[in-house]
2 protein chains.
Amino acid sequence: MQLRIPGPTPCPPESLQAQGKQMINHRGEEFSSLLNSITDKMKKVFQTKEDVLLLTCSGTGGMEAAIVNTLSPGDKVLSTSVGVFGDRFAEIASQYGANVVRLGGEWGKPVDLEALKKALKADNSITAILTTHNETSTGITNDIKEISTLAGEFDKLLLVDSVSGLSCIDLPVDEWQCDVVISASQKGWMVPPGLAMVSVNEKAWQAYAKAKMPRYYMDFGKAKDYLEKGQNPWTPAISLCYSLDATLDLILKEGLKNVFARHARVAQIARDGIKSLGLSLFAQEDHASNTVTAVKPPDNIDVTGLIKLLREEHGVILAGGQKNLSGKIFRIGHLGMVYEKDIEEVIEALDKALSKVKS
Amino acid sequence: MQLRIPGPTPCPPESLQAQGKQMINHRGEEFSSLLNSITDKMKKVFQTKEDVLLLTCSGTGGMEAAIVNTLSPGDKVLSTSVGVFGDRFAEIASQYGANVVRLGGEWGKPVDLEALKKALKADNSITAILTTHNETSTGITNDIKEISTLAGEFDKLLLVDSVSGLSCIDLPVDEWQCDVVISASQKGWMVPPGLAMVSVNEKAWQAYAKAKMPRYYMDFGKAKDYLEKGQNPWTPAISLCYSLDATLDLILKEGLKNVFARHARVAQIARDGIKSLGLSLFAQEDHASNTVTAVKPPDNIDVTGLIKLLREEHGVILAGGQKNLSGKIFRIGHLGMVYEKDIEEVIEALDKALSKVKS
């Protein structure tokens, strides 16, 4: 089977096997060493010297944590959404009482930097910017460096959903001054789902000190206090920690630059392959993601049927479109444990399946 | 190693090995079969025909979910806390704006049913009762049947933390009309931590329809909608689902009654053993828990030193006391994969360690 959805991603044997170790005391020395080891290595991948917290939840839980720990009900926040996950980030903020202003981006395009600048200039009551590093639903990677520069210029807090970006696409968190960045285990980290990792810098901690949205399980302050003792406030997902410790070694051994370069190469093969089959990329190509490729087939192709055929006859599992894009696009995930050959096989299978669907 | 803390508990080989299966599409048919299988089997353990939802979080996350899905800020709720986890339940409710009234129980004793009745009679503005089936911090099992009868009599919503009780101690959720019951994977379920399971009955759904506390990741309605498609709203902890599916088979194969009887036998061995060593039980014995035994050694014994000695020289890992009980008691976990011989070994090790600590 070729599981090529944008997460959960296939796990390497080191990751799967590490999970099999017996349980330990989550308040004992052995877990403390494990958590400290993971935290130190995660900081390297986040390229940060600030705090990185590990939460037992999915990426969406991590996004919720970013919001409830830094904002107060009534805060005006600017959503730069250009897809399903950007919308989700905004929806979480609304749910907790934030006053969400939407920039109104187009799906398949990156965040419009000029529009963002204009919006920030027009309204200085905005507190924070919600943005998406890698929009999984459309296959777009946004210009986080430029978005962050604008956030800095207008002194706004910047919350970055990089659930499907970080560890695959360069995001130097400190250098680009991203205040909170969220990722999740089942993406580039090559670990089964269940862990979210969140970086929190000094500016975010200042926001935390004033933030009034209710929180308990997701509380950053509790997570930081316990991390100082080498613990989580609640019982952490120990088997997933074993796995993450192992995959962090794989990532750091390969080297971050090499990991980013591999994702770039594989993504290029995906995009070239798609075009060679006469299909269109859904995402604006100069901002096409290196972790997920969204494909817009001609209208006469039954996308759901194509995905079914690929799964049943070729053992290739792709993702469909989400929300408004359901039945209109399909998506190839190429993040984490993925090599040139994997995507070449996907393109070959797609070629065969397309000929059957067309005929 | 004998890991005898009240969770995480040792996992049987079936549980550890099941985790090692490769990832699958969480929106595909295979996951849907898995989730349906787990849900059907969980309902048997909860002894309910109502909904049982699976959340990716710890037990504390499940407790938070119970509160934010059924209550509104300003709601007056009665906390029956008799320990750390009862206090935690109350604290979560306060955090989200509930007006928490505390019954003021004594640690080491069960909930005082007379006091509960009086409190409910005295104040009909109370909306809900927060209670703890099995108070892990003190080793007490409360009379949920009687508490539930009172909740019914006064028409209050009953939220039951059974994180360390369910699947080990009889709790017929439907028969006893418990509106929301929370458990967690790393306890009697013999699965690594990371999953919470929550039953929600019709009365709880009525409360949900009116509840105004903010929620997103933990939303019961979303969980139920997706469950109807055999999915979770967010990416679930797939490897832990594999494990849970396997351990549910073990539990159901042994038979619920046999599982409860085994926990009762093992707990009796623990209590008898403790008394045979001249130590005192912290919990009132007629309500002593069948999953965790709290022990109050004489004041001249250094509890922290004793726990360290047991770990380092005897390979037995016990838990200390929490909060006010830190350094004053120790706790033996006997839930999940635990048999007579395991606790006999713990008592033997304790006997040897005590003689060293005393001398």
Working for side chain to side chain contact (heavy atoms under 4.5 Å, CB included), residues B:Cys57 and A:Trp234: CA-CA 9 Å; B:Cys57 58; A:Trp234 327 120; over 6 Å; no
Among B:Leu195, B:Ile317, B:Asn25, B:Leu55, which residue has the highest count of heavy-atom pairs closer than 4.5 Å to chain A? B:Asn25
Got a donor-acceptor contact below 3.5 angstrom from the B:Arg88 side chain to the B:Thr60 backbone? no
Please round to the nearest 0.5 Å and tell me the distance separating atom CG of B:Leu159 and atom CD1 of B:Ile182. 6.5 Å
Check against side chain to side chain contact (heavy atoms under 4.5 Å, CB included), B:Lys187 and B:Thr291: CA-CA 9 Å; B:Lys187 305 288 185 178; B:Thr291 64; over 6 Å; no
Supply the atom-to-atom distance B:Phe89 CZ to B:Thr132 OG1, rounded to the nearest 0.5 angstrom. 7.0 Å
Please check if the side chain of B:Glu135 supplies one atom and the backbone of B:Gly86 the other of a donor-acceptor pair under 3.5 Å. yes
Under 3.5 Å: donor-acceptor pair, side chain of A:Thr56, backbone of B:Ser58: no
Pick from A:Ser15, A:Gly20, A:Gly194 with the largest number of heavy-atom pairs that fall under 4.5 Å of chain B: A:Gly20
For the atom pair CZ (B:Arg4) and NE2 (B:His334), what is the distance rounded to the nearest 0.5 Å? 10.0 Å
Short question: side chain of A:Asp245, backbone of A:Tyr242 - any donor-acceptor pair under 3.5 Å? no
Residue from A:Met1, A:Met218, A:Glu91 scoring the most non-hydrogen pairs under 4.5 Å with chain B is A:Glu91
Please look at A:Pro10 and chain B and tell me whether the side chain, the backbone, both or neither of the residue comes under 4.5 angstrom of a heavy atom of that chain. both
Is it the case that the side chain of B:Ser326 and the backbone of B:Lys323 share a donor-acceptor pair, with hydrogens and angles ignored and the cut-off at 3.5 Å? no
Report the option among A:Val68, A:Thr9, A:Ile24, A:Asn232 that has the most heavy-atom pairs separated by less than 4.5 Å from atoms of chain B. A:Ile24
Tell me whether A:Glu29 at atom CD has more than 12 heavy atoms from other residues, nucleotides or ligands lying less than 6.0 Å away. no
Which residue out of A:Leu16, A:Ile238, A:Ile5 racks up the most heavy-atom pairs below 4.5 Å with chain B? A:Leu16
Can you confirm whether the side chains of A:Trp189 and A:Ser183 place a donor and an acceptor under 3.5 Å from each other? yes
Can you tell which of B:Arg27, B:Gln186, B:Lys21, B:Gln95 has the highest number of heavy-atom pairs within less than 4.5 Å of chain A? B:Gln95
Specify which of B:Glu64, B:Gln17, B:Met63, B:Gln22 makes the most heavy-atom pairs with chain A at under 4.5 Å. B:Gln22
Going by residue number, which parts of residues 208-216 of chain A are within reach of chain B, meaning a heavy-atom gap below 4.5 Å? A:Pro214, A:Arg215, A:Tyr216
Going by residue number, which parts of residues 303-312 of chain B are within reach of chain A, meaning a heavy-atom gap below 4.5 Å? B:Arg311
For the atom pair SG (B:Cys11) and CE (A:Met23), what is the distance rounded to the nearest 0.5 Å? 4.5 Å
Under a 4.5 Å heavy-atom cutoff, which of B:Gly59, B:Ala18, B:Gly61, B:Pro13 has the most pairs with chain A? B:Gly61
Distance check, rounded to the nearest 0.5 Å: B:Ser167 atom OG versus B:Met197 atom CE? 7.5 Å
